[in-house]
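Below you'll find the structure, written out as structure tokens, and then a few comments.
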Amino acid sequence: MFTMLKGLKNLFLNSANAGRDSYLWNMIQSILFALQSAVLLMVVNRTNGLDDAGVFSIAYAIASLIYYIGEFGVRKYQVTDVAETSSFADYHTHRVVSCLVALAASVGYAIFGLADGKYTPFKFEIILLVCAIKVLEAYCDVYFSRFQQKGRLDAAAKASTYRIVLPMIFCMLSLILTHNLLISMIIWLAVTVIAILTSFVLIAPEFGRVEVSFNKESFLRITRECLPLFAGSFLLLYVGNAPKYAIDAYLDDKAQACFNFIFMPVFAIGLLANFIFNPILVRLAEEWNRGNMKEFRRIVVRQMMVIGGITLLAVIVALTIGCPVLGIIFGADLSGSRFSLTILMLGGGMLALANFFVVVVTVVRGQKYLIAGYVLGALAAGLLSGYFVRSYGVPGASVFYTFLMTLISISFAVVFVLCVRRRGRPDQAYDEGGK
């Protein structure tokens, strides 16, 4: 046992080229994290059928919100705290508290659904288990952030890849052998605990002492600084998942599963766009800082055209081979979903555009104004999602998702234009944003 743990520790920490490995392993773990729900949903549907696939889909959507409560938007703040104004103990303590709050929110939500008659005992249990898994993922993120803060993104990404893959393998094997979703979720939870203990917790002492030590001043500072980041991420995810919550309230689990099958490619557009525009972010900031507005605008417009091109390609695929291919992947008849899939591809393009505007607005230091767009989208989601889904079913959910993403991307574009015009010279923009 000791030899195995030592071998794992060496695997995570040893690197001949930390810079190269950081890029490679971070890309691998990012893709795996993005595909996690799609792969498990595919296996659940093939082994257990549409009803269990629908239950898993809504459980994962709810758990994703719970994850952001636990993470609380702290990762970027912690990673960039190179001066360590807050200690690792401060961040660890804050994460323990936020994860306990997230766990309490999970239990409260699930109990309310059970008491209200919305959820069966089986659905109640699955939601609690998947939420618990996401709370654990939020907890181990504090270690990921610590390793990256100390210049070891490679170690963090390797540990994260191990933490994602090992539980998924055991969960999928359980689904194939038992065809029991409840048992498989319990196994996923148990192996997640083991994976975290034998990866992040195992190597954490190499980067600082792991302890819970409450410092009121540091706790409040971290909460205050990260609250806007948490609010933005939480509201955007809520808006993106609003059609799923409406389907959960007004339609059945089969409809939930079918919507999630055609919803999966939405993130592919954003993933492709991110791979394309991430390398030009530094250059974008440099041109803004130099005051070279002509080149700055050219880069922005070119990236918008790239997103438009990717979206157009996705729409063409949706209109031609999209439904047959997704039907083969998920083992379901999606022949009647061409319209919904095509509309969702447009929504994916709007999501990619919104994410791009978040980046460029951050470059011009106007990110605090984005909250207005998040709130607008959340209000529209809360007020209108029920109507679209009750009246038009899955096609209505697809149209509504695209409407929400379009609303948010337009609001972010307006913020971007206003920030550029208001701030005048870019060096002033940076000075003002730093205050």
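What's counted below: heavy atoms across the whole structure, side chains too, no hydrogens, waters or symmetry copies. Please read all numbers here as calculations on a predicted model, not as lab measurements.
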**Message:** For the CD1 atom of Ile371 and the CG atom of Leu376, what is their distance to the nearest 0.5 Å?
**Reply:** 11.5 Å
**Asked** Sequence neighbours excluded, which residues qualify as side chain to side chain donor-acceptor pair (under 3.5 Å) partners of Ser160?
**Response** Gln29
**Asked** Counting only heavy atoms not in Lys118, do more than 12 sit closer than 6.0 Å to its NZ atom?
**Response** yes
**Request:** Quick one: list whatever passes ring pair (Phe, Tyr, Trp, His ring centres under 6.0 Å) with Phe207, sequence neighbours left out.
**Result:** Phe147
**Request:** Can you sort out the partners of Arg298 under side chain to side chain donor-acceptor pair (under 3.5 Å), two or more places apart, ordered by chain and number?
**Result:** Glu295
**Donor-acceptor under 3.5 Å (Arg46 side chain, Ile329 main chain)** = yes
**Message:** Is any side-chain heavy atom of Asp81 closer than 4.5 Å to one of Tyr91?
**Reply:** yes
**Item:** Worked verdict on Lys134 versus Glu71 for salt bridge (Lys or Arg N to Asp or Glu O under 4.0 Å)
**Value:** CA-CA 10 Å; Lys134 283 298 177 181; Glu71 194 265 344; over 6 Å; no
**Prompt:** Taking C-beta and beyond as the side chain, do Met264 and Phe330 meet within less than 4.5 Å on heavy atoms?
**Reply:** yes
**Message:** Please determine whether a side-chain nitrogen of the Lys or Arg among Arg146 and Glu206 lies less than 4.0 Å from a carboxylate oxygen of the Asp or Glu.
**Reply:** no
**Prompt:** Is the backbone of Val142 close enough, under 3.5 Å, to the side chain of Gln78 for a donor and an acceptor to pair up by distance?
**Reply:** yes
**Asked** Do the non-hydrogen side-chain atoms of Leu319 and Val315 ever get within less than 4.5 Å of each other?
**Response** yes
**Asked** Looking at CD of Gln303 and CZ of Phe357, how far apart are the two atoms once the value is rounded to the nearest 0.5 Å?
**Response** 10.5 Å
**Asked** Taking side chain as C-beta onward, heavy atoms only, is Asp253 less than 4.5 Å from Lys123?
**Response** yes
**Beyond-backbone contact of Val43 with Leu40, side-chain heavy atoms, under 4.5 angstrom** = no
**Request:** Show your reasoning for whether side chain to side chain contact (heavy atoms under 4.5 Å, CB included) applies to Val414 and Tyr369.
**Result:** CA-CA 10 Å; Val414 170; Tyr369 301 108; over 6 Å; no
**Message:** We want to know whether Tyr119 and Asp248 form a side-chain donor-acceptor pair, criterion being a heavy-atom distance below 3.5 angstrom.
**Reply:** yes
**Test: Arg221 and Asp90 ion pair at under 4.0 Å** = no
**Request:** Check Ala397 against Ile247 and note the closest heavy-atom contact, atom names and distance.
**Result:** CB-CD1, 3.9 Å
**Message:** Please check: side-chain N/O of Asp141 versus main-chain N/O of Phe144, any donor-acceptor pairing under 3.5 Å?
**Reply:** no
**Asked** About how many Å separate CZ of Phe400 and CG of Leu384, when rounded to the nearest 0.5 Å?
**Response** 5.0 Å
**Message:** Using only atom types and a distance under 3.5 Å, with no angle test, would you say the side chain of Thr320 pairs donor to acceptor with the backbone of Val317?
**Reply:** yes
**Asked** Checking Ser184 side chain against Leu175 main chain: does a donor-acceptor pair fall under 3.5 Å?
**Response** yes
**Request:** Mind listing the closest non-hydrogen atom pair of Arg95 and Gly70 along with its distance?
**Result:** CD-O, 3.2 Å
**Asked** Does a donor on one side chain sit under 3.5 Å from an acceptor on the other, for Asn26 and Ser22?
**Response** no
**Message:** Ile307 vs Thr311, test: side chain to side chain contact (heavy atoms under 4.5 Å, CB included). Steps then yes/no.
**Reply:** CA-CA 6 Å; Ile307 293 172; Thr311 305; 4.1 Å; yes
**Asked** Can you list the residues that meet the side chain to side chain donor-acceptor pair (under 3.5 Å) rule with Thr223, with sequence neighbours excluded?
**Response** His94
**Message:** Apply side chain to side chain contact (heavy atoms under 4.5 Å, CB included) to residues Val361 and Phe412 and explain how you reach the verdict.
**Reply:** CA-CA 8 Å; Val361 168; Phe412 286 0; 5.5 Å; no
**Request:** Hey, could you give me the CG/OG distance between Leu181 and Ser174, rounded to the nearest 0.5 Å?
**Result:** 9.0 Å
**Prompt:** Do you know which two heavy atoms are closest between Ala318 and Arg338, and how far apart they sit?
**Reply:** O-CG, 3.8 Å
**Message:** Would you say that Leu114 contacts Pro121 through its side chain, given a criterion of any heavy-atom pair below 4.5 Å between the two side chains?
**Reply:** yes
**Message:** For a 4.5 angstrom cut-off between non-hydrogen side-chain atoms, does Phe72 reach Val97?
**Reply:** no
**Request:** Verify, without hydrogens or angle tests, whether Ser337 (side chain) and Ser340 (backbone) share a donor-acceptor contact under 3.5 angstrom.
**Result:** no
**Item:** Chi angles and distances behind the side chain to side chain contact (heavy atoms under 4.5 Å, CB included) call for Tyr143, Val210
**Value:** CA-CA 9 Å; Tyr143 296 103; Val210 181; 3.5 Å; yes
**Side-chain touch Asn48/Phe56, heavy atoms, less than 4.5 angstrom** = no
**Prompt:** Got a sec: does the CE of Met305 have more than 12 other heavy atoms crowding it under 6.0 Å?
**Reply:** no
**Request:** Would you please indicate yes or no on a ring centroid separation below 6.0 angstrom for Phe112 and Phe124?
**Result:** no
**Atom pair CG (Leu5) and CG (Leu197), whose distance is rounded to the nearest 0.5 Å** = 10.0 Å
**Pairwise distance CD1(Ile343) to CE(Met345) - rounded to 0.5 angstrom** = 10.5 Å
**Message:** Once ring pair (Phe, Tyr, Trp, His ring centres under 6.0 Å) is applied, what residue pairs with a partner in residues 150-196 remain, sequence neighbours excluded?
**Reply:** Phe12-Tyr162
**Message:** Closer than 4.0 angstrom, basic N to acidic O: yes or no for Glu287 and Arg297?
**Reply:** no
**Message:** Can you confirm whether more than 12 heavy atoms, excluding those of Phe33, are under 6.0 Å from its CZ atom?
**Reply:** yes
Run the side-chain donor-acceptor check on residues 224-240: report pairs under 3.5 Å with partners two or more places apart or on a different chain.
residue: Ser233; atom: OG; partner: Leu229; partner atom: O; Å: 3.1

